[in-house]
Amino acid sequence: MHELSLCEDMIDLLRERAKVDHYSQIKSIQIEIGKLSCVESYALIFAFSAAAKGSLAENATLKINEIPGQGWCDQCASEVTIEQRFDTCPHCDYYPLEIRQGDKMRIKYVEVI
């Protein structure tokens, strides 16, 4: 379960940012998780509650937006929706596809008090 380490790293990052921006508590965090990022939303929510205890994010709400996977097929020049990293093109069965969206996790915004 690497989601716990992701949450710990996120809280460390926000703690460092709090020193620069002079805030002491986080009200909510919105995160984008790509479908191809290998991060499970339910595990991240579970891990966040454990990682946030005693931190500036202890009472924060974690909001997650899931981003669909998009790939580009060089064979038929199509942008296609993909469910997994190693999917083939649904139009021509070409492989590999160039992943263009959905392989990242990022903090979209943070609401502070």
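Residue numbers start at 1 and run along the sequence shown. We use all heavy atoms of the structure for the numbers below, so side chains are in, but hydrogens, waters and symmetry mates are not.
In the hydrophobic cluster analysis, where Ile, Leu, Val, Met, Phe, Trp and Tyr join through side-chain heavy atoms closer than 4.5 angstrom, L13 is grouped together with I26. Cluster annotation: L62 is connected to V112 through the hydrophobic network of ILVMFWY side chains, with a link wherever side-chain heavy atoms come within less than 4.5 Å. Using a 4.5 Å cut-off between side-chain heavy atoms of Ile, Leu, Val, Met, Phe, Trp and Tyr, with links allowed through other members, F46 and L44 fall into different hydrophobic clusters. Linking ILVMFWY residues whenever their side-chain heavy atoms come closer than 4.5 Å, directly or via other members, places Y23 and I29 in the same cluster. By the criterion of side-chain heavy atoms lying less than 4.5 angstrom apart, applied directly or through intervening Ile, Leu, Val, Met, Phe, Trp or Tyr residues, I107 is grouped together with L6 in one hydrophobic cluster.
Between Y109 and S28, the shortest heavy-atom distance links the atoms CE1-OG, 4.1 Å. Minimum heavy-atom separation, K104 to S37: O-CB, 3.8 Å. Between A60 and F48, the shortest heavy-atom contact is O-CE2, 3.7 Å.
Using a 4.5 Å heavy-atom cutoff, the side chains of Y42 and I64 are not in contact.
D87 places a side-chain N or O within donor-acceptor distance of the main-chain N or O of Q84, the cut-off being under 3.5 Å. Checked by atom type and distance alone, the side chain of E3 never pairs as donor or acceptor with a backbone atom of V39 at under 3.5 Å. Between the side chain of H2 and the backbone N or O of C38, at least one donor-acceptor pair lies under 3.5 Å. Within the 3.5 Å criterion, the main-chain N or O of L36 finds a donor-acceptor partner in the side chain of R85. Between the side chain of S78 and the backbone N or O of V80, no donor-acceptor pair lies under 3.5 Å. Using a distance-only test at 3.5 Å, with no hydrogens or angles considered, no donor-acceptor pair links the side chain of E79 to the main chain of Q70.
Rounding to the nearest 0.5 Å places CD of Q25 at 9.5 Å from OG of S55. In this structure, CD in E58 is found 9.5 Å from CD1 in I11, a value given to the nearest 0.5 Å. Separation of atoms CD (E111) and NZ (K27) is listed at 4.5 Å; rounding is to 0.5 Å. In this structure, the separation between CD1 on I33 and NZ on K108 is 14.0 Å, given to the nearest 0.5 Å.
Taking a cutoff of 4.0 Å between a charged side-chain nitrogen and a carboxylate oxygen, K35 and E83 qualify as a salt bridge.
I31 pairs in a side-chain contact (heavy atoms from CB on, under 4.5 Å) with only one of the listed residues (K63, E66, R106, M105), which is M105.
Summarising the local packing, CZ of F86 is surrounded by 12 or fewer heavy atoms from other residues, nucleotides or ligands at distances under 6.0 Å. Around atom CZ of R17, no more than 12 heavy atoms belonging to other residues, nucleotides or ligands sit under 6.0 Å away.
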